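All values reported here derive from a predicted model rather than from experimental measurement. Order of the sequence lines sets the chain letters (A, B, ...), proteins ahead of strands, with each chain counted from 1.
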Amino acid sequence: MLYGYAGKILTINLNTGKASADHIPEDLARDYLGGRGFVARLLYDRLDPGTDPLGPENIIVVATGPLSGHLLPGSGKTHFGALSPATGGYGDSNLGGHFGPTLKYAGYDCMIIEGKADQLSTIIIDNETVKIVPDQGLKGKGAIEAEQELKERLGEDYQLLTIGPAGENKVAFACISHDFGRQAGRTGVAAVLGSKNIKAVAVRGTKKIPVFDAKRAQEKGEEMYKVCFGKPGFKTWTPFGTASITDWANEVGAFPTRNFQTSYAEFHEKINGQAIVDRLLVTDKGCFGCPTPCGKYGHTTTALGSAYVEGPEYESIATLGGSCCLEEIEEVAYANYVCDQLGIDTISAGVVVSFAMECFEKGVISAEEVGREISFGSLEDTVYLLEKIAAREGIGDVLAEGVKQAAAIFGDGSESYAIHVKGLEWSGYECRNAPGMMLSYMTADVGAHHNRSWALGYDVSQSDADVSELIEAGTGGKLEISTPDGKVDHVISMQHSRPLFDALGICRLQSMEIGFETFHYEEVFELITGRRLSWQEMLAISERIWQLTRQFNVKHIEGFGRDWDYPPRRFMEEPVPSGPNEGRYISKEILDKMLDEYYEKRGWDKNGIPKPQTLARFGLD
Amino acid sequence: MKLTVKEERCSGCNVCRVVCALHNAGAVQPSQALLKIKGEFPDPGTYKIAYCNQCGICADSCPEDAILERDGEYNIDYELCTQCLICIDSCPFDVMVVTESEYPAKCTGCGKCVELCPRQAVLADQG
Ligand code: SF4
Ligand code: SF4
Ligand code: SF4
């Protein structure tokens, strides 16, 4: 018996309309834990080279971890993966909320969706019963709107995943939406759902998850909450959530501004965590099991309209606020709301829109092509572009493929400021004085995402301080040049530790933001699963997953290698024009040295391809 | 312990429900929890907490007088309970559940939800 797990994988075949439940293979749980590990292994095994990300042969894997749904802090995370339409390689993204725990209560750790429904449909899972229901009534509806409608129809007990028009139209950065404001935003998993004609997935679960030692697991879980309650960051970080970091990111010159032209925004205090609390906040909104709810649910009013919206969280502040230069928090929140309804990832959306704004500013695209004049700082232009993208109308059809593809079409030097790696738009940290963070983005398996390694704190402080401590310490107004020394090791270690949370099915923020100690997870893991693994041993599993996703990219992306690991030229050639990091950039020579060291330490060849003996070492040959 | 709530503090985490079910039903199974959280989204964006305030209406409905009051708390005497489940529907807050062995269950006043709610949204009623 697999304690801690629900025990089953649910496979839903949309071609036949049939669902089947199979036992989780014990070696899969042993070698890959769950969540991201399940996603990576199942995608690797099931997808052949040459698969079209938007064809019926692509699959979507939804996976919880062994700790999801249990009594412990942050146990609400769910992982999603598919061959990514944004990168053509490994794609995954996760969300919090309540979906994953409920899927487990329905009896499934993992769900695989394959094939294609012949018309737009909703999957409804009620414990053992699985139905695929055609539902044209939801066509074109906003992701939040569709969730609201389905909640009313099905009842409060159901947890929902929905996509918006952008997902239906297969926008490369469409997101899966859940719980009125939580998204699996990255890598375009919702476009894959849309390509399969699935508008929504609903789940209700009333069963129990077996626990190895329920009594002691309960005691340990209770203790873990109480330890969290006692952390200083519990009180200081929670009120502002991820937006806490906005001022600090500016102070250290890492705040993407004007399509990453510069790394400091004068107006940052108008869009920071305090602005959210003062001007938007209705309630703190957390995920399942969360002691430190980072969701700031609020209400915004702008010239374009008013709306309820969760967030904006830091990433949306950075890309919609900083990169598109929306200077008031109400505007950032409204753009966030528009993205949420359309079902597009706010990170990519902000980067794509600001890219278009810069292209227009530089005369690369004309008012005629765009359909109007556009400029940084305009909410109206931002919303105009977002709607065009979701509908794939005019210029929106080009932008819907993301900045990499758009730059290839626009040309005229726009590649150097198309801010992405591997085709995935860069998230909210500018890195021209942050070599560790730069390398993190360059080598992340999914493309330019901070979820895998966040080395910025280390770049700035040369310490392992958690985020609350970094913010508390500040820089004292002094910002040294951050050197590459020691960064490669740090990045590698973070690329194992952060994604490990995704494999366990839990939130990393209690650990990363308020300093909750990892040994607690070892203890509770043993009481829940009956399996003794040290954190180090779990990190070794995370390392195996890292090797596997690299190999996945080798398998699926033609000609994959070193060239896929560079940032845009802007970061290697253009000195930052203003702010604390004025004059700085990191040359290609320095990055090449870092890549050489990184590949060497990873056991990859000079081109970044895992060597056969490396794969053998992780049982991947 | 008699409960009271401050709904404006609730973040919807459901920790109260997980610990309630674990403590009272011995399982990780929030559908067995003896209180409920309902999110009202997108508008007005708040949470409602349905909980037992020890009103005793279940006791009044019980044909066997199997729900007994002691110091303001009502508890089911499972020796007397005949599993008719009439009490379940009588609860005005819909916070009684049927256990796997088909007995009714109601809030026992154990206070676990109060102890673990990260937001102090469920509290002991001092008045
Ligand atoms: S910290 Fe945020 S993301 Fe993590 S569990 Fe809490 S609400 Fe969810
Ligand atoms: S007091 Fe105990 S039984 Fe009652 S709702 Fe809270 S945890 Fe459940
Ligand atoms: S534990 Fe507290 S904050 Fe969480 S859902 Fe229950 S009442 Fe709300």
Side-chain angles (χ1 to χ4, degrees), chain A residues 4 69-76 97-98 101-102 104-105 144-145 147-148 151 156-157 179-181 204-211 214-215 217-218 221-222 225-226 228-229 234 238 281-295 297-299 307-310 337 340 528, chain B residues 5-50 93-95 97-102 105 110-123:
Chain A
H70 290 278
L71 183 74
L72 66 131
S75 59
H98 304 260
T102 309
K104 271 180 96 165
Y105 302 137
I144 306 271
E145 210 184 343
E147 177 165 22
Q148 191 180 3
K151 268 246 153 150
E156 182 62 18
D157 291 354
D179 198 26
F180 305 96
R204 190 178 87 103
T206 58
K207 300 190 222 178
K208 58 181 137 192
I209 310 173
V211 176
K215 191 165 171 297
Q218 180 188 338
E222 291 181 13
Y225 280 102
K226 288 175 188 164
C228 276
F229 299 163
F234 176 73
T238 312
L281 187 67
V282 175
T283 190
D284 285 351
K285 180 163 173 283
C287 304
F288 182 94
C290 178
T292 54
C294 68
Y297 196 81
H299 186 264
Y308 282 92
V309 59
E310 176 165 343
Y337 160 78
D340 289 359
I528 288 173
Chain B
V5 299
K6 288 208 182 333
E7 287 177 325
E8 66 282 7
R9 293 181 181 171
C10 176
S11 67
C13 68
N14 278 270
V15 172
C16 51
R17 283 167 51 80
V18 185
V19 75
C20 177
L22 201 46
H23 193 75
N24 293 291
V28 177
Q29 188 178 22
S31 60
Q32 284 290 313
L34 302 162
L35 76 173
K36 280 186 182 150
I37 307 295
K38 183 176 187 296
E40 313 236 294
F41 292 94
D43 174 2
T46 47
Y47 291 96
K48 290 262 169 294
I49 306 170
F93 309 106
D94 194 22
V95 287
V97 301
V98 183
T99 66
E100 285 199 332
S101 45
E102 302 204 3
C110 70
K112 278 288 162 192
C113 53
V114 174
E115 204 181 316
L116 277 210
C117 172
R119 313 278 303 171
Q120 293 166 314
V122 235
L123 305 147

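Residues meeting the side chain to side chain donor-acceptor pair (under 3.5 Å) test with K36(B), sequence neighbours left out: D94(B). Take A25(B) and apply the side-chain contact (heavy atoms from CB on, under 4.5 Å) test, not counting sequence neighbours, and it matches Q32(B).
Contacts between H98(A) and chain B at a heavy-atom distance below 4.5 Å involve the side chain alone, from C-beta outward. Contact annotation for K226(A): only side-chain heavy atoms (C-beta onward) come within less than 4.5 Å of a heavy atom of chain B. The contact between R119(B) and chain A is made entirely by side chain atoms (from C-beta outward), counting heavy-atom distances below 4.5 Å. With a 4.5 Å cut-off on non-hydrogen atoms, E222(A) touches chain B through its backbone and its side chain both. Interface residue Q218(A): backbone and side-chain heavy atoms are both found under 4.5 Å from chain B. Looking at S31(B), the atoms closer than 4.5 Å to chain A (heavy atoms on both sides) all sit in the side chain, from C-beta outward. If you measure heavy-atom distances from T102(A) to chain B, you find no contacts under 4.5 Å at all.
When G26(B), P30(B), C10(B) are compared by the number of non-hydrogen pairs under 4.5 Å with chain A, P30(B) comes out ahead. Heavy-atom pairs under 4.5 Å with chain A peak, among C117(B), P44(B), A27(B), G12(B), at P44(B). Per-residue counts of heavy-atom pairs under 4.5 Å with chain A were compared for R17(B), R9(B), H23(B); the largest is that of H23(B). If you tally non-hydrogen atom pairs under 4.5 Å between each of E145(A), H70(A), K207(A) and chain B, the highest count goes to K207(A). Contact count versus chain B (heavy atoms, under 4.5 Å) is highest, among I209(A), I144(A), D179(A), T283(A), for I209(A).
Separation of atoms OG1 (T46(B)) and NZ (K285(A)) is listed at 12.0 Å; rounding is to 0.5 Å. Rounded to the nearest 0.5 Å, atoms OG (S75(A)) and CG (N14(B)) are 10.0 Å apart. A distance of 8.5 Å separates NZ of K38(B) from NZ of K151(A), quoted to the nearest 0.5 Å. Annotation: the span from D43(B) atom CG to Y308(A) atom OH amounts to 4.0 Å, rounded to 0.5 Å.
Side-chain contact between V28(B) and K208(A) is absent, with no heavy-atom pair separated by less than 4.5 Å. For the pair V19(B) and Y225(A), the minimum side-chain heavy-atom distance is 4.5 Å or more. By the 4.5 Å heavy-atom criterion applied to side chains, F288(A) and C13(B) are not counted as neighbours. Side chains of L116(B) and L71(A) form a contact here, defined as non-hydrogen atoms less than 4.5 Å apart.
For Q120(B), the CD atom sits in a loose shell: 12 or fewer heavy atoms of surrounding residues, nucleotides or ligands are nearer than 6.0 Å.
Nearest heavy-atom pair, P42(B) versus Q148(A), reported as atom, atom and distance to 0.1 Å: CD-CD, 3.4 Å.
Ring geometry, Y297(A) versus F41(B): the interplanar angle exceeds 60°, so the pair is classed perpendicular (tilted spans 30 to 60°).
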